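To keep things clear, I will list the structure first and then write my remarks on it.
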Protein chains: 4
Amino acid sequence: MATPRTPDSTRRSERSRRAIFDAALELVGEVGYDKLTIEGIAARAGVGKQTIYRWWPSKAAVLLDAFTADAGDYEAGLPDTGDLAADLRFVLRASVDEFNDPKFQAPYRALAAAGANDAELSADFVARLMEPGIKVYTDRLRAARDQGQVAEDADLRVAAEMLLGPFSQRWLMRTGPLTYEFTDTLVDLVVRAVARR
Amino acid sequence: MATPRTPDSTRRSERSRRAIFDAALELVGEVGYDKLTIEGIAARAGVGKQTIYRWWPSKAAVLLDAFTADAGDYEAGLPDTGDLAADLRFVLRASVDEFNDPKFQAPYRALAAAGANDAELSADFVARLMEPGIKVYTDRLRAARDQGQVAEDADLRVAAEMLLGPFSQRWLMRTGPLTYEFTDTLVDLVVRAVARR
Amino acid sequence: MATPRTPDSTRRSERSRRAIFDAALELVGEVGYDKLTIEGIAARAGVGKQTIYRWWPSKAAVLLDAFTADAGDYEAGLPDTGDLAADLRFVLRASVDEFNDPKFQAPYRALAAAGANDAELSADFVARLMEPGIKVYTDRLRAARDQGQVAEDADLRVAAEMLLGPFSQRWLMRTGPLTYEFTDTLVDLVVRAVARR
Amino acid sequence: MATPRTPDSTRRSERSRRAIFDAALELVGEVGYDKLTIEGIAARAGVGKQTIYRWWPSKAAVLLDAFTADAGDYEAGLPDTGDLAADLRFVLRASVDEFNDPKFQAPYRALAAAGANDAELSADFVARLMEPGIKVYTDRLRAARDQGQVAEDADLRVAAEMLLGPFSQRWLMRTGPLTYEFTDTLVDLVVRAVARR
DNA sequence: CATTAAGCGAGACGGTACGTCTTGTCTTTAC
DNA sequence: GTAAAGACAAGACGTACCGTCTCGCTTAATG
C-alpha cells in the first residue's frame with residue numbers, strides 16, 4: 001500500500017524526456033530561472049505535469065539534467081604541448097568565450113545559484129560539472145610536475161582552484177570583467193606560484 | 001500620471017525597519033531562502049506587507065539590507081605585522097570560522113545565489129560586501145609591495161582574487177572543505193606567486 | 001492565445017460545490033454580506049480559492065447559486081379554493097413568515113442589494129427568483145378572471161406587482177412592518193382594484 | 001482621557017465638504033458603488049482621508065449626504081387639480097423621467113442597496129428620501145377622500161405604497177420597463193382600489 | 001498681538017482581501 | 001501502466017483600501 005513510487009524507467013518516453021529538456025533550456029533563457037516554472041515547462045513541452053514530477057524532484061534537477069545532456073564533457077583532458085602556461089592560457093581563453101555566451105549563461109547561473117542553497121543539488125552539480133573541470137586542470141599540472149616544470153611539493157588541487165575560483169567568482173558574482181587579459185594574468189601568477197624554485 | 005510613487009523617507013518607521021531586518025534574518029535561518037516569503041517576514045515582524053513593498057523591491061533586497069545592517073565593515077583594514085604570509089593566514093583563518101558559522105551562512109548564501117540571477121542585486125551585493133573585501137586584501141598586498149616583499153609588476157587585484165575566489169567557491173559550491181589547512185596552502189601559493197623574484 | 005479558459009464541468013467536484021454553498025450561506029448569516037469574502041468561504045469550505053474563482057465570477061454569483069440550490073421553487077403554483085382574496089391572504093401571510101425568518105433574510109437581502117448595482121446579476125436574480133413569483137400570482141389572477149371574478153380588461157401582471165412591490169419594499173427598505181395586517185390590507189385593495197365592476 | 005472625539009463643527013471647512021460631495025457623486029457615476037472608495041473620494045476632492053473619517057462613518061453615509069444635499073425636496077406636495085387620477089399620473093410620469101436619468105441612478109441605486117444590508121443606514125435613507133415621498137402621496141389621497149372621491153375606510157398609506165412599491169421594484173430590480181404606460185396602469189388600478197363604492 | 005488648539009492635506013502604518021499564479025497531488029481518459 | 005490533461009487544496013504573489021496614526025501647516029478664537 002505504501003509503495004514508494006518507483007516508476008519503471010524502461011517504459012519511459014524518450015520523446016517526452018527530450019521535449020522537457022528543450023523546453024526547460026529554452027524557457028530559462030527566455031524568462032530566467034526565477035520565473036521558470038514546472039507548469040511552464042510542461043506546457044511548452046506538451047507534456048503532463050505529472051510526467052515531470054514523476055522523474056525529477058525539482059525544476060533545478062530538470063535543468064541540471066537538461067544542461068548536462070547538452071554540455072560537452074572533459075573526456076579529452078587539456079592539451080599538452082609541453083608549455084604549461086601556454087596551454088592554460090589557451091584553455092582559459094576558450095572558457096572566457098564560453099562563459100560569455102548568453103546561451104550558456106542562464107542555465108549555468110541558475111544551477112550555481114540553486115546549488116548554493118541546496119546541498120543535495122550542489123553535490124550533484126559539483127560532481128557532474130565542477131569536479132571534472134578541476135580534475136583536468138589538476139591532471140595537466142601533474143603532467144607538468146612530472147616534466148619537472150612544477151615544484152614537487154605544490155598542492156596541485158589548490159593550484160587548480162586558484163585558476164577556476166577567481167574565474168568563477170568574476171563570472172558568477174560579476175566582480176570584474178571576464179577577459180583574456182584577466183585569465184592570462186591568472187595563469188602567470190599560478191604558474192609562478194607552483195614553479196619549481 | 002505615471003508617478004513612480006516615491007515614499008517620504010523622513011516619515012519612515014525605524015521600529016518597523018528593525019523588526020523587518022530581524023524577522024528576515026531569523027526566518028532565512030529557520031526555513032531557508034526559497035521558503036522565505038515577504039508574507040512571512042511581514043507576519044513575523046508584525047508589519048503590513050505594504051510596508052515592505054514600499055521600501056524594498058524584493059525579498060533579496062530586504063535580506064541584503066538586513067545583512068549589511070548587521071555585518072561588521074572593513075574600515076580597519078587587515079593587520080600589518082610586517083609578515084605578509086602570517087597576516088593573510090591569520091585573517092583567512094578568521095574568515096574560515098566566520099563562514100562556517102551557521103548564523104552567517106543562510107543569508108550570505110541566499111544573497112550570493114540571488115545575485116547570480118539578478119545583475120542589479122549582484123551589483124549592490126558586490127559593491128557593499130565583496131568589493132570592500134577584495135580591497136583590504138589588495139591594500140595589504142600593496143603595503144607589502146611598498147616594503148619590497150612583493151614584485152613591482154604583480155597584479156595585486158588579481159592576487160587578492162586568487163585568495164578570495166577559491167575560498168568563496170569552496171564555500172558557496174561546496175567543492176571542498178573550508179579548513180585552516182586549505183587557506184594556509186592558499187596563502188603560501190599566492191605569496192609565492194607575487195613574491196619578488 | 002487569448003483562450004477564455006473554460007473549465008471542464010464534467011470533472012467538477014460535487015463535494016466542493018456543496019461545501020462552498022454551505023459555507024457561503026452560513027457565513028452570510030454570521031457576518032453579513034459586506035464582510036462575506038471569497039477567502040472566508042474557501043477557508044470554511046476547505047477548498048482552494050481558485051476552485052471558487054474557476055466556477056463563479058463573484059461572491060454574489062456564488063450566493064445566488066447557493067440560495068437557489070436550497071430555495072423551494074414555485075412549481076405548484078398558488079392554491080385555488082375559488083376564493084381569490086382568501087387564497088392571496090393565505091399565501092402572503094406565509095410569505096410574511098418566510099421573509100421574517102432570519103435564516104432567509106441575510107442571503108436574500110444581500111442578493112437584492114448586489115443586484116441593484118449589477119445589471120447582469122439582477123437579470124439572473126429576477127429570472128430565477130422574482131419572475132417565477134410574479135408569475136404564480138398572475139396565474140392565480142387569471143384563473144379568477146376566467147371564473148368571472150376579475151374584470152376582463154385588468155392588467156394582471158401589474159396587479160401582481162401591486163401585491164409584491166409594496167411587500168418587497170417594506171421588507172427590503174424597512175419602510176414599514178411586515179405584518180399579516182399589512183398583507184391583508186394589500187389583498188383587499190388589490191382585489192377591489194381588479195374586481196369586475 | 002476616553003474622549004469620544006466629537007469634532008467641532010463650527011470650524012469645519014465648507015469647501016472640503018462640498019468638494020467631497022462633488023467627488024463622491026462624480027465617482028459613483030464613473031466607477032459604480034462597489035469601486036467607490038474613501039481613498040478615491042479623498043484624492044479626487046483634494047482632501048485628506050481623515051477629513052472624511054472625521055465627519056462620516058462610511059462611504060454610504062457620505063453618499064447619502066451628498067445626494068440629499070443636491071436632491072430637491074417634497075415641500076410643495078403633489079398638485080391638486082381636483083382630478084386625483086390625472087394628478088397621480090402626472091407626478092408618476094415625472095418620476096419615470098427622473099428615475100430613468102443616468103445621473104440620478106448611480107447614487108440612488110447605491111444607497112438603496114447599501115440600505116438593504118445596513119439597518120441604520122436604511123433608517124436614515126427611508127426617513128430622508130422615501131418617507132417624504134410616501135407622505136405626499138398619502139396627503140394627496142387624503143385630500144381626495146376629503147373631497148369624497150375616496151372611500152372613507154381605505155388605508156391611504158398602503159394605497160400610497162401600492163403606487164411606489166411596484167414603481168421602486170421595477171426600477172431597482174429591473175423586473176420590468178419603467179414607462180408611462182406602466183405608471184398610468186398603476187394609477188388606474190389604485191384609484192379603482194380606493195374609489196368610493 | 002502672540003498663543004494655542006482645532007481642522008486640514010498628506011501619507012506611513014498594521015491589516016485584510018483581492019484575483020492570479022504556481023505547487024505538488026490526484027483522477028480520468030486515451031493509447 | 002505511462003502519458004496528457006486538468007481539477008483540486010494550499011498558499012504566496014503584489015495591489016488596493018481599510019481605518020488609525022502622526023506630521024507640519026493654516027486658521028481661528030482666546031488670553
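Sequence lines set the chain letters: A, B, ... in the order given, protein chains first and strands last, and positions in each chain run from 1. Predicted model, so just to flag it, every value in this text is computed and none were measured.
- The shortest distance between the side-chain N/O atoms of A:Thr51 and the OP1/OP2 oxygens of F:dA4 is below 4.0 Å.
- Rounded to whole angstrom, the span from the CG atom of C:Asp8 across to the P atom of F:dA4 amounts to 18 Å.
- The interatomic distance linking D:Arg18 (CZ) with E:dG7 (C1') rounds to 19 Å, in whole Å.
- Between B:Tyr53 and C:Val47, it is C:Val47 whose nearest contact on DNA chain F lies nearer the 5' terminus.
- The interatomic distance linking B:Lys35 (NZ) with F:dA10 (P) rounds to 17 Å, in whole Å.
- Position along DNA chain F of the nearest nucleotide to B:Thr37 versus D:Leu36 favours B:Thr37 as the more 5'-ward residue.
- Under 4.0 angstrom from either OP1 or OP2 of F:dA9 there lies at least one side-chain N or O belonging to C:Ser16.
- B:Arg15 places its CZ atom 15 Å from the C1' atom of F:dT22, with the value rounded to the nearest Å.
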Original post:
After noting the C-alpha distance and the side-chain angles of D:Phe125 and C:Met173, does the key distance pass the side-chain contact (heavy atoms from CB on, under 4.5 Å) rule?
Top reply: CA-CA 9 Å; D:Phe125 179 68; C:Met173 305 309 303; 3.3 Å; yes
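- Look at C:Trp55 and you'll find a side-chain N or O under 4.0 angstrom from OP1 or OP2 of F:dC8.
- A salt bridge is defined here as a Lys NZ or Arg NE, NH1 or NH2 lying under 4.0 Å from an Asp or Glu carboxylate O, and B:Arg44 with B:Glu39 fails to meet this definition.
- One cannot find a donor-acceptor pair under 3.5 Å joining the base of F:dG11 and the side-chain atoms of C:Lys49.
- Between C:Ile20 atom CD1 and F:dA9 atom C1' there is a gap of 11 Å when expressed in whole angstrom units.
- Within the 4.0 angstrom heavy-atom criterion, base atoms lie near B:Arg54.
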Original post:
Is there a side-chain contact (heavy atoms from CB on, under 4.5 Å) between C:Leu25 and C:Leu63 once you walk through the steps?
Top reply: CA-CA 7 Å; C:Leu25 291 174; C:Leu63 206 54; 4.2 Å; yes
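- Using a 4.0 Å cut-off between a side-chain N of Lys or Arg and a carboxylate O of Asp or Glu, C:Asp65 and C:Arg128 qualify as a salt bridge.
- As rounded to whole Å, 12 Å separates atom C1' of F:dC8 from atom CZ of C:Arg12.
- When each of C:Arg11 and B:Glu39 is assigned the nucleotide of DNA chain E with its nearest heavy atom, B:Glu39 is the one assigned upstream, toward the 5' end.
- Residue contacts for C:Gly40: at a heavy-atom cut-off of 4.0 Å it reaches no nucleic acid atom on any strand shown.
- If you take CD1 of D:Ile52 and P of E:dG9, they are 9 Å apart, rounded to a whole angstrom.
- Defined by atom type and a distance below 3.5 Å, a donor-acceptor pair is missing between the side-chain atoms of A:Arg54 and A:Gln50.
- As a whole-Å value, the separation of B:Asp34 CG from F:dG11 P is 18 Å.
- Judged by atom type and distance alone, C:Gln50 reaches the base of E:dC21 through a side-chain donor-acceptor pair under 3.5 Å.
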